[in-house]
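Written below as structure tokens is the structure these notes are about.
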Amino acid sequence: MAYRLNRKLVLEMPARVPDGAGGFAESWMPLGIVWANVTARTGREAAGIAAPLSRVAYRIITRAAPPTSNARPQPNQRFREGARYYRILSVAEQDADGRYLMCTAQEETVA
């Protein structure tokens, strides 16, 4: 099956940077651009501190990359699309030929 990879996403990995007070802060380092097919899956409501939160899972299909490549998405990395962020939860091969990867992700809000 051929997928329409029509969304330009930036693959990012977490990075620790000095905070100037002897500690570290988490930042995100871009690894590169990937083209993807992004599909919303099921959503649910979760309890938040002040109000209910909406949680939506996404299926993100990208071209495959070797397991040792920086271009291969990994859990705990994220995709960025403008002001939207998708935290990668899992990655698996989508097809028997290994041409595509399916990433399960959750959109997160960054304050």
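Remember, predicted model here, so these are calculated numbers, not experimental data. Numbers for residues simply follow the sequence, beginning at 1.
Here the closest non-hydrogen pair linking Gln77 and Leu31 is NE2-CD1, 3.5 Å. Closest approach of Val56 and Arg41 over heavy atoms only: CG1-O, 4.4 Å.
In this structure, the side chains of Phe79 and Thr62 come closer than 4.5 Å at one or more pairs of heavy atoms. Looking at Ile33 and Val10, their side chains come closer than 4.5 Å, going by heavy atoms from C-beta outward.
Criterion: ILVMFWY side-chain heavy atoms under 4.5 Å apart, direct or through other members. Under it, Val17 and Met29 are not part of a common hydrophobic cluster.
Rounding to the nearest 0.5 angstrom, the gap separating the CG atom in Asn37 from the CG atom in Leu9 is 10.0 Å. Here the CZ-OG1 distance, from Arg7 to Thr39, works out to 8.5 Å after rounding to the nearest 0.5 Å. Atom-to-atom distance recorded for Ile88:CD1 and Met13:CE is 11.5 Å, nearest 0.5 angstrom. Atom-to-atom distance recorded for Cys103:SG and Leu89:CG is 10.0 Å, nearest 0.5 angstrom.
Residues satisfying the salt bridge (charged side-chain N to carboxylate O under 4.0 Å, His left out) test with Arg84, not counting sequence neighbours, are Glu107. Scanning for side chain to side chain donor-acceptor pair (under 3.5 Å) contacts around Ser27 gives an empty result, with sequence neighbours left out. Residues satisfying the salt bridge (charged side-chain N to carboxylate O under 4.0 Å, His left out) criterion with Arg59, sequence neighbours excluded, are absent altogether. Looking at residues two or more places apart in sequence or on another chain, you find a ring pair (Phe, Tyr, Trp, His ring centres under 6.0 Å) between Tyr86 and Tyr58.
Applying the ring-ring contact (aromatic ring centres under 6.0 Å, His included) definition to pairs two or more places apart or across chains, none involves residues 6-34. The stretch residues 89-104 participates, sequence neighbours left out, in these side chain to side chain donor-acceptor pair (under 3.5 Å) pairs: Tyr3-Gln94, Ser90-Thr104, Asp95-Arg99. Listed by first and then second residue, the salt bridge (Lys or Arg N to Asp or Glu O under 4.0 Å) pairs involving residues 12-25 are Glu12-Arg78, Glu12-Arg80 (not counting sequence neighbours).
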Please list every donor-acceptor pair under 3.5 Å in which a side-chain atom of residues 63-73 meets a protein atom from a residue at least two apart or in another chain.
{"residue": "Ser69", "atom": "OG", "partner": "Ala71", "partner atom": "N", "Å": "3.0"}
{"residue": "Arg72", "atom": "NH1", "partner": "Ala65", "partner atom": "O", "Å": "2.7"}

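Crowding of Asn76 atom CG: a count of heavy atoms from other residues, nucleotides or ligands under 6.0 Å not exceeding 12.
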